[in-house]
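Below is one structure, written out as structure tokens, with a few remarks after it.
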Amino acid sequence: MKRAPVWRTVHYPVMTRHLVLAGAGHAQLHVLQALARQRPATPSGLRVTLVSPSRWQHYSGMLPGWMTGAYTLADCRIDVAPLAQAAGAHFLEDRVTALDAARRTLHLSDGQTLRYDLLSLDVGSEIDTGWAEPLGPRLLPIKPLDAFATVWQALLADAARQPDTRLRLAVAGGGAAGVEAALAAAAALRNSPGVRLWLIAGRQGVLPGHPAAVQRHARQALARAGVQVCAQHAQGTPDGLRLGDGSLLPVDHVIAATGARAPAWLAGSGLALDAAGFVQVGPTHQSVSHPDVFAAGDVCARVDTALPRSGVHAVRAGPVVAHNLLASLAGKALLPYRPRPWSLYLLATGDGRAIASWGPFSAEGGWVWRLKDHIDRGFMARFACTPGDSIA
Ligand SMILES: Cc1cc2nc3c(=O)[nH]c(=O)nc-3n(C[C@H](O)[C@H](O)[C@H](O)COP(=O)(O)OP(=O)(O)OC[C@H]3O[C@@H](n4cnc5c(N)ncnc54)[C@H](O)[C@@H]3O)c2cc1C
């Protein structure tokens, strides 16, 4: 009698590779989306972990609108937990405190270590507040955005309780973030007659690097809003701001929107960093020293071109980094991120208008605000995802 075949399961060794996404920044949202889209065809044996300190990723482009009451906080934040779930990623609500690129290991604030085979870094940048530390509790860094949102709400509540109280508020930083924050603060506090507002723009003045017409629109908007512009360097003291001309500006609070600083923990990582401590990457956003590390957004510094640290480039590099991570796992060719010669910047002026800056062109008006609102809401809608959703 013929015997029935005996089926045996043969176990081939499956190489499990671990892709770690550190930070849920703008570019990483695209990575999560790309991973979700290709499921269930995700490379077998691939494990994905997302590490970020909060499930909420606040969108800086809408923060000034939130300060003026145009948006609720819920309008301006993306829930990354369902995005991670849709991508098949395990979400660790924690922060990276150290990176050892030689050992391919991340250390987290709760003491755990995480080994990776491939790492995607999009942890953003910090506000450079070294100049302002003597201000102590008067100092309000605009980042992290969630921490700023909490202190700003408390400040507004105080002002609303005592509308006639004298409040001296300075915003430090002449770039887009500083200008938008000063205009938003002026709009939010317009019913408090005791408020005085300054924008400390630094020696280069308002919006350096933007065309003269954009700078003019910004100065006009600041004048309309009653914000006094001070084009001087400032140093924090326990009593207020010491300005470049030696005078002391006594202030109650200083919102710092002054330049980007690299996360300090990168210094001991062994990754190639630029002089300011940012991760050096080539056109494919792969680390120039460690091919198993990709970085995008504010945390990276391109070695081939000077990319401004802006949300625009973090967003645009996202799909390229997403492709490159998957291509790198599959041993396929990587793509470069080629920035366009001009990027569109839309700056809210807090009064239902906005300023557009695009290469040498500029515009200002209510229609620019409506365009900005449309683009920003569209960006948020792209990443709105509730638990159990798949991503279209
Ligand atoms: C008020 C304001 C207005 C702005 N307006 C504009 C604008 O109109 N246009 C524009 O182009 N740019 C604008 N910017 C700049 C823009 O916000 C940044 O360039 C952009 O957010 C950078 O994106 P990113 O992905 O690098 O990092 P982020 O968006 O900052 O995201 C970083 C992520 O990493 C996480 N993270 C941080 N530390 C760790 C850690 N140790 N471990 C794990 N995760 C970590 C954070 O929680 C966050 O999820 C503005 C900035 C501000 C402050």
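Treat the numbers as computed from the prediction; the structure is a model and nothing was measured. Nothing fancy with the numbering, it's 1 onward along the sequence.
- A cation-pi arrangement is present between Arg77 and Trp56 under the rule of less than 6.0 angstrom and at most 45 degrees off the ring axis.
- Linking Ile, Leu, Val, Met, Phe, Trp and Tyr residues whenever their side-chain heavy atoms come within less than 4.5 Å leaves Leu106 and Leu19 in two separate clusters.
- For Asp239 and Thr237, the side-chain atoms include no donor-acceptor pair closer than 3.5 Å.
- Phe278 carries Arg309 over the face of its six-membered ring, with the cationic atom under 6.0 Å from the centre and within 45° of the normal.
- Under the 4.0 Å criterion applied to side-chain N and carboxylate O atoms, Asp128 and Lys143 are not assigned as salt-bridge partners.
- In this structure, CG on Leu307 lies 7.0 Å from SG on Cys300, to the nearest 0.5 angstrom.
- Within the 4.5 Å cutoff, no side-chain heavy atoms of Asp79 are placed close to those of Leu83.
- Under a 4.0 Å N-O distance rule, the pair Asp373/Arg370 does not qualify as a salt bridge.
- By the 4.5 Å heavy-atom criterion applied to side chains, Pro250 and Arg168 are counted as neighbours.
- When hydrophobic clusters are built by joining Ile, Leu, Val, Met, Phe, Trp and Tyr residues whose side-chain heavy atoms come closer than 4.5 Å, directly or via intermediates, Ile142 is not grouped with Trp198.
- In summary, the aromatic rings of His30 and Phe383 are positioned with their centroids under 6.0 Å apart.
- At a cut-off of 3.5 Å, with distance as the only test, no side-chain donor of Tyr116 or Thr105 sits close to an acceptor on the other residue.
- Between Asp376 and Lys372 there is a salt bridge, since a side-chain N of the basic residue sits under 4.0 Å from a carboxylate O of the acidic one.
- Using a cutoff of 4.0 Å between basic side-chain nitrogens and carboxylate oxygens, Glu364 and Arg353 are scored as salt-bridged.
- Ion pairing of Arg138 with Asp252 is absent here, as no side-chain N (NZ or NE/NH1/NH2) approaches a carboxylate O to less than 4.0 Å.
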